[in-house]
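Written out below as structure tokens is the structure these notes cover.
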Amino acid sequence: MKKRIRYSIISFLLAFSLIAPGITQAEAKAKKVSEVQKLGKIFTTIELQDATIDELQAAMNAGRLTSKKLTQMYIDRIRVYDEELKLNSIISVSPYALSEAAKFDKERKQGKVRGPLHGIPIIVKDNIDVKGIPTTAGSLALYHSVPDKDSFIIKKLRAAGAVILGKANMSEFAYSAVNSESLLGGEVRNPYDTSRVPGGSSGGTGVAVTCNFCAAGLGTDTGGSIRIPSLCNNLYGIRPSKGLTSIAGVIPLVAEKDVTGPIARTPKDLSYVLESMSGTDPEDDYTSEAGADRLLGKGYSAYLSKKAMNGKRIGVFDGSINSHEIPQKDDVKTATVKMAEAGETEEKEWVYPDNRIYYMAMKTYANLRKAGAELMDISGLIDDDWIQAENNTVIKSIKKSTGEYDINFYFHRMGDMATYRTLKQLIQSGLDVNVTNLYSYDVDKLADSFEETQNPYTEIVNDYARTVEWQNMLNFRQKMDDLMKENNLDAILYLPTKTVPSVLTDPGSQLNKNNYIWIFGPQAGLPEIILPMGFADKDEDTPNELPSGMALFGRFGGEKTLLQIAYAYQQQAGHIIRRVPSCVPALSDGKVNMFLKKLVNKVSKWKSKKLEKKTPIRFRLLESACLKASDVDMYNPKEVYERALELAEAFDSVRGLSA
């Protein structure tokens, strides 16, 4: 039931004395603050929706917003929507977030602003260590695993002024790139259709960012875990070059493939977070080998502009769409495929993309061209058989999984704070069975201590201990870098998905047959970014419009170029590709509600006869605005704000004031 304001307006008492004795009309006018100006000083819940980091900084610099208030606004949204709608994107809200925000507010008052992230709340995937908050990887077994120090990337973000708002849910131990389910956090749901997957394993981060539970978020990516949640949630997400960002203090999946990176609603926000978290970590050899400080240089955000796309040459794997013509009615064809290894033939599905995805891809191509890029089909230049062969060379060169050693090393690094010492002890806890294939290990063959764990890092590559896989990865990376350089390509584009996000009850892979998303970033260590394409139309199987995205990768250390392309693309197409999920609208705004109540009350106390005769048109407009305001739905923040602004403008008009 609507809660309404009821005020009698039988006799509008609208006439009043504007000028006190001894004060000129100009002086009196100068001393008055218009109601529109008062309303403008309120940072509303509507403004919070999709607010960029620049907009939030502007509001804080103007005194309209504090970091503490901003943090509370995000916490309010988490408590109302994440919990009530069972989106399950957040595992925990930091008990220190509000005090951290207050500290940054104090610094701002003292004239110290650390940078664009000063006072900005960030959500962190729950496999990344944050001091004093459990790092669980979604596992009940790690519920009491509380690190006594921040991971390197969190230290960097804190130094930049970021507020660590809380921890995001994920697929347990990051094992799934499709869904994000854990016994500790539950099953994360896609807010654009809660019956569908959010992508994994950083699905909690993706949902939190797209629902405006934070300004931006952190994820990890081994095979697709930043990029898939980004395309499933209408976001930009970047898997950095391997070694640009540290993985020390992160529960590993496959350390040689793992990276940390941001997910955000805009490329510029993405660049702010990425440049703040990147750099050489003395505890992470991958950052040292990559030369992270050199790769980062002067950062990324300063190089973004609408014209940055001009002259960019982008190669396109047209074959990733699996069709050079408009897709046929049937999505699936059967082809006879020769099995290279077995030398046999068998019937295998040849999957075409959903027609809707195809047309979205065509629009993406058009927007890139309009923004200034030159697109060229390179399917013939880079043979798919060669790509798959290089990929297989990297994968098959490894003799032993690094999983046990990587996890045991993480526990070893925690020292006395570790809940367990080994993977064996973790599995023997008996918790979280049937949620993750972590339990596929033969427990009897696992080590009883870190010292007894078989070390798979037996090769010396560039002075660092690596697996036998690493050199083949470097070779693959070099070949791709050389190929792009020789053909003057700034980046390469491909379509990673063949359909919209799948249903939770049948979370099969939605990737194209070539599975490029597993190859260039993970197997060559190249940087890759997701460009959201917008929304696919409804059909009989999908009653809601659902998002998808395009993937773009570049040369090693080419993050600046990828972000420039993404920024120019967003400037060209942003108005049609970004949409807040309808299930998480702006919350009721207490400050605007109170402003409107007070203004209606103020209007009701005026005397009216003189004013009605002097300015009858303005008087009638004010009367009409007050009638509308008196009957407003106080739980509809958009309607309340519109009525408040209308009444404020009418009120200022009869007073002879302008905003």
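The first residue of the sequence shown is numbered 1, and numbering continues consecutively from there.
A 4.5 Å side-chain heavy-atom check between Asn488 and Glu374 finds every atom pair outside the cut-off. At a threshold of 4.5 Å between non-hydrogen side-chain atoms, the residues Ile120 and Gln57 count as touching. Under the 4.5 Å side-chain criterion, counting only non-hydrogen atoms from C-beta, Pro522 is not in contact with Thr222. Between Val584 and Asn212 the shortest side-chain heavy-atom distance does not fall below 4.5 Å. Between Leu218 and Thr205, every side-chain heavy-atom pair lies at or beyond the 4.5 Å cut-off. A heavy-atom distance below 4.5 Å is found between the side chains of Leu495 and Ile357. Using a 4.5 Å heavy-atom cutoff, the side chains of Phe535 and Val500 are not in contact. Inter-residue side-chain proximity for Glu289 and Leu474 is flagged as met; some heavy-atom pair is nearer than 4.5 Å.
For the atom pair CD1 of Ile314 and CG of Leu489, the computed distance is 9.5 Å after rounding to the nearest 0.5 Å. The CG atom of Leu546 lies 11.5 Å from the CG atom of Leu231; values are rounded to the nearest 0.5 Å. Considering CE of Met550 and CD1 of Ile529, their distance stands at 13.5 Å, rounded to 0.5 Å. From Asn472, atom CG reaches atom CZ of Arg477 across 12.5 Å, with rounding to the nearest 0.5 Å. Between atom CG of residue Leu504 and atom CZ of residue Arg196 there is a gap of 9.0 Å, rounded to the nearest 0.5 Å. Atom CG of Asn515 and atom CD1 of Ile387 lie 12.5 Å apart (nearest 0.5 Å).
Counted by atom type alone, Arg356 and Thr542 present one or more donor-acceptor pairs between their side chains at under 3.5 Å. Of the N and O atoms on the side chains of Ser301 and Ser271, not one donor lies less than 3.5 Å from an acceptor on the other residue. Asp284 and Thr287 share no donor-acceptor pair across their side chains, judged by distance under 3.5 Å alone. Between the side chains of Lys306 and Gln572, no donor-acceptor pair of N or O atoms lies under 3.5 Å. Judged by distance alone, the side chains of Ser202 and Lys125 do bring a donor and an acceptor atom under 3.5 Å apart. With 3.5 Å as the limit, one finds a donor-acceptor pair spanning the side chains of Gln471 and Asn475. Side chain to side chain, Thr210 and Arg579 fail the donor-acceptor criterion of an N or O pair below 3.5 Å. Looking at Ser89 and Asp82, their side chains do bring a donor and an acceptor atom within 3.5 Å of each other. With 3.5 Å as the limit, one finds no donor-acceptor pair spanning the side chains of Asn169 and Ser180.
In terms of heavy atoms, Leu563 sits closest to Pro267 at CD2-O, 3.9 Å. Of all the heavy atoms in Asp293 and Thr280, the pair that sits closest is OD1-N, 3.0 Å. Closest non-hydrogen pair, Ile251 versus Ala137, comes out as CD1-CB, 3.7 Å. Taking both residues in full, the closest heavy atoms of Cys583 and Pro191 are given as SG-O, 3.3 Å, listed atom of the first, atom of the second, then distance. Taking both residues in full, the closest heavy atoms of Pro262 and Val273 are given as CB-CG1, 3.6 Å, listed atom of the first, atom of the second, then distance. The shortest heavy-atom contact between Asn487 and Arg313 is O-NH2, 3.1 Å.
Listed by chain and residue number, nothing satisfies the ring-ring contact (aromatic ring centres under 6.0 Å, His included) test with Tyr300 (two or more places apart in sequence, or in another chain). By the side chain to side chain contact (heavy atoms under 4.5 Å, CB included) test, Arg555 is found to be paired with Asp481, Met484, Lys485, residues two or more places apart in sequence or in another chain being considered. For Asn310, the side chain to side chain contact (heavy atoms under 4.5 Å, CB included) partners at least two apart in sequence or on another chain are Lys307. For Lys156, the side chain to side chain contact (heavy atoms under 4.5 Å, CB included) partners are Phe152, not counting sequence neighbours. For Thr266, the side chain to side chain contact (heavy atoms under 4.5 Å, CB included) criterion is met by Thr52, Lys268, Asp269, Gln570, not counting sequence neighbours.
Relative ring orientation between Phe520 and Phe476 is described as tilted, the plane-to-plane angle lying within the 30° to 60° band. Below 30°, between 30° and 60°, or above 60°: for Tyr236 and Tyr569 the angle between ring planes is above 60°, a perpendicular geometry.
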- Task: Any chance you could lay out the side chain to side chain donor-acceptor pair (under 3.5 Å) test for Glu256 and Thr467, step after step, and finish with the verdict?
- Result: CA-CA 8 Å; Glu256 286 190 335; Thr467 67; 2.6 Å; yes

- Message: Let's go through Tyr359 and Asp537 carefully: what are the C-alpha distance in whole Å and the side-chain angles of both, what is the deciding distance for side-chain contact (heavy atoms from CB on, under 4.5 Å) to 0.1 Å, and is it a yes or a no?
- Response: CA-CA 10 Å; Tyr359 292 122; Asp537 294 334; over 6 Å; no

- side-chain contact (heavy atoms from CB on, under 4.5 Å) between Glu559 and Leu295: does it pass, once the steps are laid out? CA-CA 9 Å; Glu559 280 78 4; Leu295 292 181; 5.7 Å; no

- For Asn514 and Gln388, run side-chain contact (heavy atoms from CB on, under 4.5 Å): C-alpha distance rounded to whole Å, both residues' side-chain angles, the deciding distance at 0.1 Å, then the answer. CA-CA 8 Å; Asn514 37 34; Gln388 298 299 336; 4.0 Å; yes

- Step by step, work out the salt bridge (charged side-chain N to carboxylate O under 4.0 Å, His left out) result for Lys257 and Glu469. CA-CA 11 Å; Lys257 311 297 180 193; Glu469 179 183 30; 3.0 Å; yes

- May I have the step-by-step check of side-chain contact (heavy atoms from CB on, under 4.5 Å) for Leu274 and Leu244, ending in yes or no? CA-CA 9 Å; Leu274 182 61; Leu244 176 66; 4.3 Å; yes

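Side chain of Ser241 to main chain of Gly557: a donor-acceptor pair is present (N/O by atom type, distance under 3.5 Å, no hydrogens or angles). Between the Asp406 side chain and the Ala255 main chain, a donor and an acceptor come within less than 3.5 Å of each other. Side-chain N or O atoms of Ser278 include none that pairs as donor or acceptor with a backbone N or O of Leu296 at under 3.5 Å. When atom types are taken as modelled, the side chain of Arg466 and the backbone of Val461 share no donor-acceptor pair closer than 3.5 angstrom.
No option in Thr497, Thr364, Thr499, Asp354 other than Thr497 meets the side chain to side chain donor-acceptor pair (under 3.5 Å) test with Ser548. Paired with Tyr286 under the rule ring pair (Phe, Tyr, Trp, His ring centres under 6.0 Å), one option of Tyr457, Trp470, Tyr464 passes, and it is Trp470. Partner of Tyr494 under the side chain to side chain contact (heavy atoms under 4.5 Å, CB included) criterion, chosen from Ile321, Val316, Ile517: Ile517.
Aromatic rings of Tyr516 and Phe553 (six-membered ring for Trp) have centroids beyond the 6.0 Å cut-off, not under it.
Among residues at least two apart or in separate chains, there is no ring pair (Phe, Tyr, Trp, His ring centres under 6.0 Å) pair with a member in residues 207-230.
Salt-bridge annotation for Arg265 and Asp50: present, with a side-chain N of the basic residue lying under 4.0 Å from a carboxylate O of the acidic one.
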